[in-house]
Each structure stands twice: as C-alpha cells, then as structure tokens.
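Worth saying up front: this structure is predicted, and the values here are computed from it rather than measured. Here is the naming used below: chain letters follow the sequence lines, and residue numbers restart at 1 for every chain.
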4 protein chains.
Amino acid sequence: MRRNKPKYHQIIDAAVITIAENGYHQTQVSKIAKQAGIADGTIYLYFKNKEDILISLFQEKMANFIEKIKEVIAGKQTAAEKIFMMIENHFRILSQNPKLAVVTQLELRQSNQELRRRINNVLKEYLDFIEQILREGVESGEFAPDLDTRLARQMLFGTIDEIATTWVMNKQKYDLVALAPTVAKLLLKGFLGEK
Amino acid sequence: MRRNKPKYHQIIDAAVITIAENGYHQTQVSKIAKQAGIADGTIYLYFKNKEDILISLFQEKMANFIEKIKEVIAGKQTAAEKIFMMIENHFRILSQNPKLAVVTQLELRQSNQELRRRINNVLKEYLDFIEQILREGVESGEFAPDLDTRLARQMLFGTIDEIATTWVMNKQKYDLVALAPTVAKLLLKGFLGEK
Amino acid sequence: MRRNKPKYHQIIDAAVITIAENGYHQTQVSKIAKQAGIADGTIYLYFKNKEDILISLFQEKMANFIEKIKEVIAGKQTAAEKIFMMIENHFRILSQNPKLAVVTQLELRQSNQELRRRINNVLKEYLDFIEQILREGVESGEFAPDLDTRLARQMLFGTIDEIATTWVMNKQKYDLVALAPTVAKLLLKGFLGEK
Amino acid sequence: MRRNKPKYHQIIDAAVITIAENGYHQTQVSKIAKQAGIADGTIYLYFKNKEDILISLFQEKMANFIEKIKEVIAGKQTAAEKIFMMIENHFRILSQNPKLAVVTQLELRQSNQELRRRINNVLKEYLDFIEQILREGVESGEFAPDLDTRLARQMLFGTIDEIATTWVMNKQKYDLVALAPTVAKLLLKGFLGEK
DNA sequence: CATGAATGAGCTTTCATTCAT
DNA sequence: AATGAATGAAAGCTCATTCAT
C-alpha cells in the first residue's frame, strides 16, 4: 500500500507547496521533486504520472476534509446544526491550510477536463454527504417537505465554494470562519418550510 | 474599430465552436483558423495573440449577456422580480447557446491565471449589477435590512454558477430554465426580512 | 529605367533611414513602405524582392561614393596624394551621412551570405580603384618596386574599414576626418621604398 | 562546471561544422543536435538558448586562440618579433581550422546586433592584447614615440582581418601563412620611428 | 530503492510576397 | 500605378517520462 510509504505523502505535500507558490501551470514535475528533496525519477516510483499526483493530492486532502467534517457533525442533532457546523468547519479547514486553499480553490481548477472529471468524482462523496443531511432535514420535518434536495445541495455547495474562492482571490485577508453564521442563516432560511 | 470588421466576430465564433468541440487545451490557433476558414496569419490581423482571442471572446459574449439581462429586467418593479428574471434569463441564454455554455462554464476556467484575472474583471460588471439589485431590495424594504449584500451576491452567483456548471457537466440533458423558479424561490427566501 | 522614377530613390532613402533607426533585422518591408509613405505592395513595383532593395541601396550609394572619390582625386599628381585624398574623403562622406554609415558599416553586414556576395561585387570596383592607384605608385617609383599591391590594397581597405566601423560603434562621437592624415601617414610609410 | 562535460564541447564542435557547411541562417538547433548525434532537447541541458551556443562557441574558440598566440609570443623579445609571430599564428590557426575560419570570418558576422555586441566583448581582449604590444614597442623606443597605438591597433587588426576574410571568401585556396612576413613588414614599416 | 541525464513531440507567431480591386 | 488584406511556411524551446547505472 503506497500510502504507507513516507515518501508518498512527502511528494503530495511538496506538490501542494509548489503549486500554491508557483501556480498550476508553473509547476513542473521537476519542481515538485526538488521541493520534496528527491530525484525526478523517484516521483514515478510512487505515482503513475503527473496527473496521478494531482488526483492523489485531491483524494488525500479531500478524504481528510470529509473525515474532519463528519467528526464535528457526529454529535449534532438537527439538520440545521449539522449544516452550520459543516459550513463553519469547511471554512475553518481552509483557513487553517492557506496553501491548500489556494491549490483547491484556484490552481487545480486550471487543470484539464479529464483531471477535473476525476476530481469531481472525489468531490462527489462530499456532495452526497451534503445532500444526505438535507434529505434528513426534509424527512424530520425540519426543512420544507417539497425541498428539492439536489438543487439545495447545489445552492449550498455553490455558495460556500464561491465565498471561499472569493476569499482566496482576496488574498485571504479577512476572517472566513466569521462569515459562517451569516451564510448558514441565509441558506437555512431558504430550506425551511413555511409555517 | 476592429469589432466592426466581420472577420473579428467570425474568428470569435470559430473559437467558441473549436473550444467547445475540442476543449481548451486542444484548441490551437491553427484549429480556430481552420474552423473560421481563414489562414493562421489572418488571426493576427485581428488579435494581438492567442490570449487576446479568448479575452475578447469572453468580453464580447459577456457584454452581450449583461445587455440582454438588463433589457429583460428594465421593466420590472420589485427586486424579487428582477432577481427571478435575472436567474431565468441567465439560464435561458446558456440554454440557447449550448457551445458557449461549455466554453464559459468549463473550458475557459482551465485558462492560466493571467487570463482568468482578466476574465474576472469582465465578470465583475455582472457581479456589481447583481449586488446593485440586492441593495435596491434592501433600501425598498423588500429584503431584510441587515442583509449582507456582498455575501448574498456571492450566494446568488455561486448558486446559479454551480447549477449551470452541473447542468453542462451532465451534457445539458435536462431543462435548465425550468429550474429557475425553484432556484429563485430558494434564494429569495434567504433574502427576505422576517415578518 | 527604374532609376529615373522618383519612387525608386524614395524607397531606397526610406530603407536607409529605417535600417539605421531600427537595425537590419528589425527592418520589415512594411516598415520601409511606411517610412516611404506608400503601400507595401508598391515596393514590389520597383524592386523584385527585399534583397533587391538592399543590393540596389548599396549599389546606388556606392556608385555615388566612388564617383565622389574619383572627382577629388582627379586633379592630384602623386599616388601618395591620391591615397590621402581617398582616405580623407572616404571618412568625410561617411561623416556627412551618419545614417548611411550605420547601414553600410554595421547593419548590412548582418545580411545573409548571398546578399553579402553581391555587395562585395559592388565593392570590387572600389577595391580595384584602390589597387590601381597603388600600382601607379609602384610604376612611378613612388612606392617600393616589390610592393604587393594586392596585399597593400587589403591593408589599406581593411584599415580604413576597421577605423570607420570602430567610429560607428562608438556612436560616431569623435571626428573621423581628423584621423585621415595620421592613418594615411601610417599606411604610406608601409608602401614607400627603402632609400 | 559545464565546460568539463564532454557534451558541451561536442555541441560546440557540431555547431562549427553545421554553420560552416550550411551558413549561419540555415543553421537550426535541430541541425546542430543531429550533427552532434543527440536529441534537440539535450542542447538545452548545456546551453540556455541558441544564442548561448554561438556566444560560447566564440568564447571557447577565441580564448583558445588568444592562449595559443600568447604562448608563441611569450619567448620573444622585441615588439616587432611579437607582432610578426602574432600575425603568423593568427593566420596559422585559421589555416589549421578551415571550418572555424569560415564561421568566425563570415558566418558569425551575420548574427544580430546583440550577439555581435557580445562577440565584440570577447574580441576586445585580443584587441587590448595587440595594443599592449604596440605600447611596449613605443616605450622601448622600437616604434615611433608619437605612434597612435589605438589607430595602429585598428590598422593592424583591420589588415589581418581583411586579409583573412578575403582568403576565406576565395575558398582558402592559397597559402595564408605565407603572407605573414610580407604583411608584418608592411605594417611594421608604418610603426617604426624615423631615423 | 533511487538517481538524473537524455529524450523528442508539439505549438505560437512573424513577415515577405501576392493579387483582387 | 497603387493599394493593403490575406496568405502560410518555418523554428526555438519546454517538460513529462524513461532507463541505464
């Protein structure tokens, strides 16, 4: 299992730093190798090709991302609480990993369609997880019974992704986490049923 | 004025078709020229370089986009109506221009940072326009007085952009315009003041 | 006879200015046309191709050059006097035509071998003329009877050409004509017979 | 140190052959690579760009040239002897490297102004060296006390350069070295003081 | 396991020349 | 005679990947 080898993660972390500092198109395999302190050829002992590094990067970080989100949500009862915690921690994790935020919000989106398709596959788990919470909210009567959970999920993800991207493009110079309550409130109002 | 010459638009339209059919990274200048039925060199009589074609493409189409949206909104009274018309026509224009939709929602986002920065400048006019409507809604008392119009704008744009992108990634196989009422309702509920 | 048409000389003079100001490799046919105040295509009514402009330029200017030199030498008696007048006027003509000096001493030498071969053919008349004076000096007993006039001619031309080129490369900032007496004296000492 | 790697010199020698055989403007990087028996890309492991090959070529060969000249001059006492040895060996080295002679006397002079400026910087060392010998000759009383060593240097270099170029343009079909004594004698007569 | 020198395919842009008007 | 829009060939350089050591 390659993920157990220390160099596997060493290369991925080097890729994050290199991409964040140089940009996606200025990141050559040789730069990642240099950042990782290994030879170019060594990369290919751990990854099939350049694309494989980027997909693996996204998979590793995203799995970690989802895991953390799931953890904080575990104890929450209502869908509204879960949504709030999800948004807040989504923002928190990005805030705590500024370079990763640059890579996922800006740089990796410049990749070609094939890579983005595979990235979307990884993202799908997160999107499904969001939709699952929304569906639970509908079932519990907390959200409107006719809520289109697919659309609602696209609204929710589109919103937090846009807000996060804007924050990164503005050099991360304001407090992203502080926006979470307002964002959650705006979104939840849309989800609630009419009384 | 280059925009008055027919070949200027001929090249831009050829670029849209070529990028939509081959993808951003598979689009060479020679392919655009071939699609336009002219020689490679002729491109450079109308555009400074390859990047100039893409920026001009986005500017031309986006200007047209905003103009159309503004037209349909012109007669509307309430902010809610305006928002609804904006969303519906945003979706309608993309639906009516399937290839352009592919180019703007997917392909051009793969461009390098410099090009995307310039695309964002063009986009800014649209974002400002959205925020303007939201601000009017707050002032007229239609929306919550404490609505954060900047966040609300990011929510609105993030939502419709995500929904449009998902639709394109799903090969545009369902009716995007039909989603507009639901999307508008979801968003507007978040904007309204509490009674 | 094309040389009688005013545009023929107009184009050649435009070429001198353009090459002097932009350098040989930065001189496109379109730039010469612009400088001449005519359309690109018009050039080809007077010249076969770009090379033809440059050869014609050199021929015209060189013919003029040789003619002037011959004029001032006409009245002189001794070979030494002739040589001195030749050197002084060679330098004088270049000094009076700073742009032409840049073109002939620096820029045209960057041309390809074919063009330079044809330029050398034009130059040959000048070289022959020089050698003729040297031969007369030998015959009259003024120069050493065993003087190798071919080598002497190469020495003479190599010297004044190098001095002129150095002067142009130094932005023509000192008085080239003032060097003529010293240069002539140095050269003539080599040509004189031993007493 | 790149100069210690065998491929560095392999590429330079391939460049000399390719330029001599095809001419400066017909020499593409791919041709040099082919002549060197390596891939195009390998060139760029040893040289920054095409221009760097040509400058390095000139630097390497010129350094070698100057070194050899200095060696043979080392044991000589008088300035006249030194000048003679310099001329003879200048001609000898060119005679022994016919292709290099074509490249330095004809082809590299077609290069653009930037390259020629850098070539002139290399050449300057040689010119300074020549002037140094002349100055020593003046100080020792061997040459005229009022000899303008700057002009004399231009005369000396202009002469041998013109003679060498003429020889190359005549397909090197006569004995260049055999001309050295005559050339040296002609030049030295100009330098000597009057008795 | 690790290295890093070598490979070679691929693309934007320029500009001399033409020719329909 | 004059125009100038259109043509299209041609080449330097990068970088992901390989493989002998």
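- In terms of position along DNA chain F, the nucleotide closest to C:Ile43 lies nearer the 5' end than the nucleotide closest to the other residue of the pair D:Asp40 and C:Ile43.
- F:dA20 and E:dT3 make up a base pair, with Watson-Crick or G-U wobble contacts both under 3.5 Å.
- Between C:Asp52 atom CG and E:dA16 atom C1' the separation is 14 Å, expressed in whole Å.
- Base-pair partner of F:dA11: E:dT12 (Watson-Crick or G-U wobble, both distances under 3.5 Å).
- Across the protein-nucleic acid pair, C:Lys31 atom NZ and E:dC15 atom P stand 8 Å apart, rounded to whole Å.
- A salt bridge does not link B:Lys99 to B:Asp13: none of the charged nitrogens lies less than 4.0 Å from a carboxylate oxygen.
- If you find the closest nucleotide of DNA chain F to C:Leu45 and to D:Leu45, the one lying nearer the 5' end belongs to C:Leu45.
- When the C1' atom of F:dC15 is taken as reference, atom NE2 of A:His25 falls 13 Å away, rounded to whole Å.
- Taking CD1 of B:Ile53 as the reference point, atom CD of B:Glu51 lies at 10.5 Å (rounded to 0.5 Å).
- If D:Gly41 and B:Gln28 are placed on DNA chain E by their nearest nucleotide, the residue sitting closer to the 5' end is D:Gly41.
- With respect to the salt-bridge test (charged N to carboxylate O, under 4.0 angstrom), the residues D:Lys31 and D:Asp40 do not qualify.
- Taking atom CG on A:Asn49 and atom P on F:dC15, their separation rounds to 17 Å, with Å as the unit.
- Residue D:Arg118 qualifies as open at atom CZ: its count of foreign heavy atoms under 6.0 Å is 12 or below.
- Straight-line distance from the NZ atom of D:Lys34 to the P atom of E:dT7: 14 Å, rounded to whole Å.
- For the atom pair A:Tyr46 OH and A:Lys7 NZ, the distance stands at 5.0 Å (nearest 0.5 Å).
- Phosphate contact (OP1/OP2 of E:dC1, side-chain N/O of A:Tyr46, threshold under 4.0 Å): absent.
- In this structure, A:Gln26 places its CD atom 12 Å from P of F:dT14, rounding to the nearest Å.
- If you check F:dG12, F:dA16, E:dT12 against the side chain of B:Val29, the one that comes closest is E:dT12.
- Remark: B:Thr42 is in phosphate contact with F:dT7, judged by side-chain N or O atoms under 4.0 Å from OP1 or OP2.
- Contact annotation: D:Lys48 does not reach the phosphate of F:dC13 (side-chain N/O to OP1 or OP2, under 4.0 Å).
- For C:Lys7, a side-chain nitrogen or oxygen approaches OP1 or OP2 of F:dA2 to under 4.0 Å.
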